[in-house]
J.: 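Here it is, the structure, as structure tokens.
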Number of protein chains: 2
Amino acid sequence: MTEICRGHEEHRDRIAAGRRRVPDREALLEVADFFDALGNPTRLKILYALTGAELCTCDLASIAELSVSAISHQLRILRDRKIISFRKEGKNVFYRLRDQHIVDLLSVAMEHMEEGPAHG
Amino acid sequence: MTEICRGHEEHRDRIAAGRRRVPDREALLEVADFFDALGNPTRLKILYALTGAELCTCDLASIAELSVSAISHQLRILRDRKIISFRKEGKNVFYRLRDQHIVDLLSVAMEHMEEGPAHG
DNA sequence: TTAATGGTTGAATAGTTGCTCAAATGATGA
DNA sequence: TCATCATTTGAGCAACTATTCAACCATTAA
């Protein structure tokens, strides 16, 4: 691994510059975890459903058409990644998006997808 | 699966409203694929390295400290998801980020991570 | 206390992913 | 043509993930 293109000083310069643009390992893993959490249809369903209202686990299960257990597992991932937060009310647990960043990101993503194919 | 919280009309209303906020299946899968592509440390390294300059496969392998083959596999995923594009020059293939959206997204993500821990 | 309901958790498992290795492709130049 | 370099590709495999199922926990109400 990590074989370098033979000779050519320009490669070395580009590589050094490129390396400088890459965040440190910890930050990189954090960003990866964040995007990874968004990169799953079930979790995206949950998040889009939560743009605009808080919902309980069983509401989300119904919306995603999956078992309460399956949703609960996914909710834990989203909680751990600090993408959603929750409040308990009697027997119910209500989830909501943690901050406006997430709402923005989700709508920007949709727009990006819609215009994407146009300049293929 | 999809058991509904017994009775309570309010649940039905919330569920119906939530469902309306979820994009259709095709769009959802597209968005998930997009975020999924960003949700991996190796691919993020590639993308951050490409913010600011185009780089060839072997430069990227050197930066990511992985085999050229491993990087090529990841580059294909990023190409397929329309996140990067490329140009061939002699024996080399130079990759670049496909549009400014991606650059913006990567820097916004870094900022979000940096401020995230502050408000718990 | 018991029963019922909403939710979480852990084990099991089928499916997916990321890497390595070896082989193939494509471009360049002798 | 042949050799070499940069890259791509496919198979194989270990590690990871999303779901299901069964068991458990927590709150409410009798």
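Labels below follow one simple rule: chain letters A, B, ... track the order of the sequence lines, proteins then strands, and each chain is numbered from 1. As a basis for the values below, the full set of heavy atoms in this structure was taken, side chains included, without hydrogen atoms, waters or symmetry mates. Model, not experiment: these values are computed from the prediction.
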J.: Can you check the B/Phe86 CZ to D/dA6 P distance for me, whole Å?
T.: 18 Å
J.: When you measure only distances, ignoring hydrogens and angles, does the side chain of B/Ser69 come within 3.5 Å of the base of C/dC21 through a donor and an acceptor?
T.: yes
J.: The side chain of B/Thr42 lies closest to which of these nucleotides: D/dA18, C/dC19, C/dT8?
T.: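 Of D/dA18, C/dC19, C/dT8, C/dC19 is nearest to the side chain of B/Thr42.
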J.: Summarise protein proximity over nucleotides 23-30 of chain D in one line of letters, 5' to 3': B for base, S for sugar-phosphate only, - for none, counting protein heavy atoms closer than 4.0 Å.
T.: ----BS--
J.: In whole Å, I'd like the distance from the CZ atom of A/Arg76 to the C1' atom of C/dG6.
T.: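 Rounded to the whole Å, the gap is 17 Å.
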J.: Would a distance-only check, ignoring hydrogens and angles, find a side-chain to backbone donor-acceptor pair under 3.5 Å from B/Arg19 to A/Ser62?
T.: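 Looks like yes, one N/O pair under 3.5 Å.
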J.: Considering heavy-atom distances to DNA chain C, does A/Thr57 or B/Asp36 have its closest nucleotide positioned more toward the 5' end?
T.: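 This one resolves to A/Thr57.
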J.: Taking the cut-offs as 6.0 angstrom to the six-membered ring centre and 45 degrees off its axis, would you call A/Arg79 and A/Phe86 a cation-pi pair?
T.: yes
J.: Is there a donor and acceptor pair, one atom on the side chain of B/His73 and one on the base of C/dT20, closer than 3.5 Å?
T.: yes
J.: For B/Ile77 and D/dT8, give me the distance from atom CD1 to atom P, rounded to whole Å.
T.: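 Distance check: B/Ile77 CD1 to D/dT8 P gives 13 Å.
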J.: If you check the B/Asn92 side chain, which of C/dG7, D/dA6, D/dT20 turns out closest?
T.: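 Per side-chain heavy atoms of B/Asn92, the pick is D/dA6.
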J.: Kindly state each residue pair satisfying salt bridge (Lys or Arg N to Asp or Glu O under 4.0 Å) with at least one member in residues 50-64 of chain A, sequence neighbours excluded.
T.: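 Sorted pair list: A/Glu54-A/Arg87, A/Asp59-B/Arg14.
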